[in-house]
Amino acid sequence: MAEKTSDAAPQAQAVGMPALHKVIFGVLLAGLIVLPFFVYPVFAMKVMCFALFAAAFNLLLGFGGLLSFGHAAYFGGASYISAHAAKVWGLTPELSVLCGAAAAGVLGLVIGSLAIRRQGIYFAMVTLAFAQMVYFVALQAEFTGGEDGIQSVPRGDLFGLIPLADNMALYFFVLAVTFGGILLLYRIVHSPFGQVLKAIRENEPRAISLGYDVNRYKLIVFTLSAVMSGVAGATKAQVFQLASLTDVHWSMSGEVVLMTLLGGMGTVFGPLVGAGIIVTMQNYLATFGAWVTVIQGVIFVVGVLMFREGIIGVLARWFKRSL
């Protein structure tokens, strides 16, 4: 019995979070805690929101093998619902975010159930078409404010107790939401469900031959990705006190693809790095006006040529470690 126990211990340790990942998450959390004391808190919160958005998209593309060109629908749709819930319904911040995430989940379930019937570029085009529908609904619907969007969204009191009007108080709320969301995505990827997703991504016919209901797994991961994208969008609406057409525009879907590919598709930490780079560029290169897009394009081309697996993907290959 003693030998069996000693054999089981290493096995249990092997299926847990690797020590390297624990260190990275610990350093990341420590860095985020002190970050608002060195940079403008609203900028730091924007980075975190987009990092969660990119991580959610990476769940679908990097681990599910499904390229969506319409993830702005869930990010922006949740932003509108969250803003409306806070401003019109008077809900607290946490309930507003949950409302946005739930709306994104329902939207993802409906769109996903139709999109997964196609594969490859046809799947991507279907998601883009639905996202454009959401964009025009946001443009025409009365509650969205049209081109003006929903402005002056109240930040409210967390749980009805902690006022989030102060940027520092709001920052730690966003930190909890973002870091918790990333840890949840990490757990999904490293669960048996995540392993099946990787099997479907690598060889779908073989996964079908093993008895897996591939379409059901695709629909689940599509919905999960939509929900987490919704959490990111709803949180962003709380930060900027605004939900606008920019959040549901097709270019937002392109940005999250860029973040994921630049950082490293199919890696845990790649989308976080990619989001940090893109948002930082947009913030500090804003004085260049429209040239920011050109600069982003050049950096993306250089990044793809030099780091074909993304920045973190290349580092993972160099150090022969999963990142």
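Starting from 1, each residue takes its place in the sequence as its number.
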Task: Hydrophobic cluster membership, M133 vs Y122, 4.5 Å side-chain cutoff - done: yes
- [ ] With ring-ring contact (aromatic ring centres under 6.0 Å, His included) as the test, would you mind laying out the steps for F50 and F75 before giving the verdict?
- [x] CA-CA 10 Å; F50 277 98; F75 181 82; 5.5 Å; yes
Task: Backbone of L175 reached by a side-chain donor or acceptor of T178 within 3.5 Å - done: no
- [ ] Would you mind reporting whether F159 and T92 have side-chain heavy atoms less than 4.5 Å apart?
- [x] no
TODO: Show your reasoning for whether side-chain contact (heavy atoms from CB on, under 4.5 Å) applies to F123 and V126.
DONE: CA-CA 5 Å; F123 171 86; V126 169; 5.9 Å; no
TODO: Could you tell me which non-hydrogen atom of I81 sits nearest to which non-hydrogen atom of A103, and how far apart they are?
DONE: CG1-CB, 3.8 Å
TODO: Mark yes when over 12 heavy atoms from residues, nucleotides or ligands other than F143 sit less than 6.0 Å from its CZ; otherwise mark no.
DONE: yes
Open item on the list: Can you tell me which residue among L61, I312, L67 is in a side-chain contact (heavy atoms from CB on, under 4.5 Å) with M265?
Closed with: L61
- [ ] Examine the side chains of T260 and N58 and answer whether a donor and an acceptor come within less than 3.5 Å of each other.
- [x] no
Open item on the list: Minimum heavy-atom separation for M45 and N167, please, with both atom names.
Closed with: CE-O, 4.0 Å
Open item on the list: Under 4.5 Å between side-chain heavy atoms, counting indirect links through other Ile/Leu/Val/Met/Phe/Trp/Tyr residues: same cluster for V23 and V34 or not?
Closed with: no
- [ ] Taking all heavy atoms of G146 and all of Y80, pick out the closest pair and write down the distance.
- [x] O-OH, 4.3 Å
Open item on the list: Taking CZ in R206 as the centre, count heavy atoms belonging to other residues, nucleotides or ligands within less than 6.0 Å. Is the count above 12?
Closed with: no
Task: Distance in Å, M259 CE paired with E255 CD, rounded so as to fall on 0.5 Å steps - done: 5.0 Å
Task: T223 side, atom OG1; L109 side, atom CG - distance, nearest 0.5 Å - done: 4.5 Å
Task: Polar contact flag, side-chain donor to acceptor under 3.5 angstrom, Q238-S82 - done: yes
Task: S253 side chain vs F69 backbone, donor-acceptor pair below 3.5 Å - done: yes
TODO: Answer whether the closest heavy-atom distance between the side chains of L272 and L28 falls below 4.5 Å.
DONE: yes
Open item on the list: Over 60° means perpendicular and under 30° means parallel, so tell me whether W89 and H84 are parallel, tilted or perpendicular.
Closed with: perpendicular
Task: Ring-face cation contact, F240 with K236, 6.0 Å cut, 45° max - done: yes
Open item on the list: Applying side-chain contact (heavy atoms from CB on, under 4.5 Å) to Y74 and F57, what does each step give before you reach the verdict?
Closed with: CA-CA 11 Å; Y74 320 114; F57 178 77; over 6 Å; no
Task: Intermediate values then yes/no, side-chain contact (heavy atoms from CB on, under 4.5 Å), M125 and R118 - done: CA-CA 10 Å; M125 289 298 101; R118 294 292 179 265; over 6 Å; no
TODO: To the nearest 0.5 angstrom, please state how far the CG atom of D166 sits from the CZ atom of F172.
DONE: 10.0 Å
TODO: Decide whether F63 and L219 are clustered together by the hydrophobic rule: side chain heavy atoms of Ile, Leu, Val, Met, Phe, Trp, Tyr closer than 4.5 Å, transitively.
DONE: yes
Task: Straight-line distance of F130 CZ to L107 CG, nearest 0.5 Å - done: 9.5 Å
- [ ] State, with a plain yes or no, whether a side-chain heavy atom of L242 is found less than 4.5 Å away from one of I150.
- [x] no
Open item on the list: Check for me whether the distance between the ring centres of F193 and Y217 falls short of 6.0 Å.
Closed with: yes
Task: All side chain to side chain donor-acceptor pair (under 3.5 Å) counterparts of S225, not counting sequence neighbours - done: H71
Task: Closest contact, heavy atoms only, G181 versus M228 - done: CA-CE, 3.6 Å
Task: Hphob cluster co-occupancy, L170 + L35, side-chain heavy atoms under 4.5 angstrom - done: yes
Task: Heavy-atom check, side chain of Q195 versus side chain of S191, under 4.5 Å - done: no
Open item on the list: Can you tell me how far apart CZ (R216) and CD1 (I116) are? Round to the nearest 0.5 Å.
Closed with: 11.0 Å
Open item on the list: For a 4.5 angstrom cut-off between non-hydrogen side-chain atoms, does P36 reach L32?
Closed with: no
Task: Taking every non-hydrogen atom, the tightest pair across S68 and L60 - done: CB-CD2, 3.7 Å
Open item on the list: Strictly distance-based, threshold 3.5 Å: is any side-chain N or O of R201 a donor or acceptor partner for the main-chain N or O of G62?
Closed with: yes
Task: Test of ring centre spacing under 6.0 Å for Y171 and F43 - done: no
Task: From M252 atom CE to S229 atom OG, the distance as rounded to the nearest 0.5 Å - done: 11.5 Å
Task: Least distance between heavy atoms, C49 atom then A232 atom - done: O-CB, 3.3 Å
TODO: Please confirm whether the backbone N or O of L245 pairs with a side-chain atom of H249, one donor and one acceptor, at under 3.5 Å?
DONE: no
Open item on the list: I want to check something: taking the side chain as every heavy atom from C-beta on, are D157 and I162 in contact at a cut-off of under 4.5 Å?
Closed with: no
Open item on the list: Side chains of Y284 and T280, heavy atoms from C-beta outward: is any pair under 4.5 Å?
Closed with: yes
Open item on the list: According to ring-ring contact (aromatic ring centres under 6.0 Å, His included), does anything in residues 253-275 pair up with another residue at least two apart or in another chain? List the pairs.
Closed with: H21-F269, F25-F269
Open item on the list: Is there a path of hydrophobic side-chain contacts, each under 4.5 Å between heavy atoms of I/L/V/M/F/W/Y residues, joining L20 to W318?
Closed with: yes
- [ ] Kindly indicate whether the side chain of T235, heavy atoms from C-beta on, has any atom under 4.5 Å from the side chain of L52.
- [x] no
Open item on the list: Working note: R155 + Q241, criterion side-chain contact (heavy atoms from CB on, under 4.5 Å); need CA distance, chi angles, decisive distance, verdict.
Closed with: CA-CA 7 Å; R155 289 180 174 178; Q241 299 180 272; 3.9 Å; yes
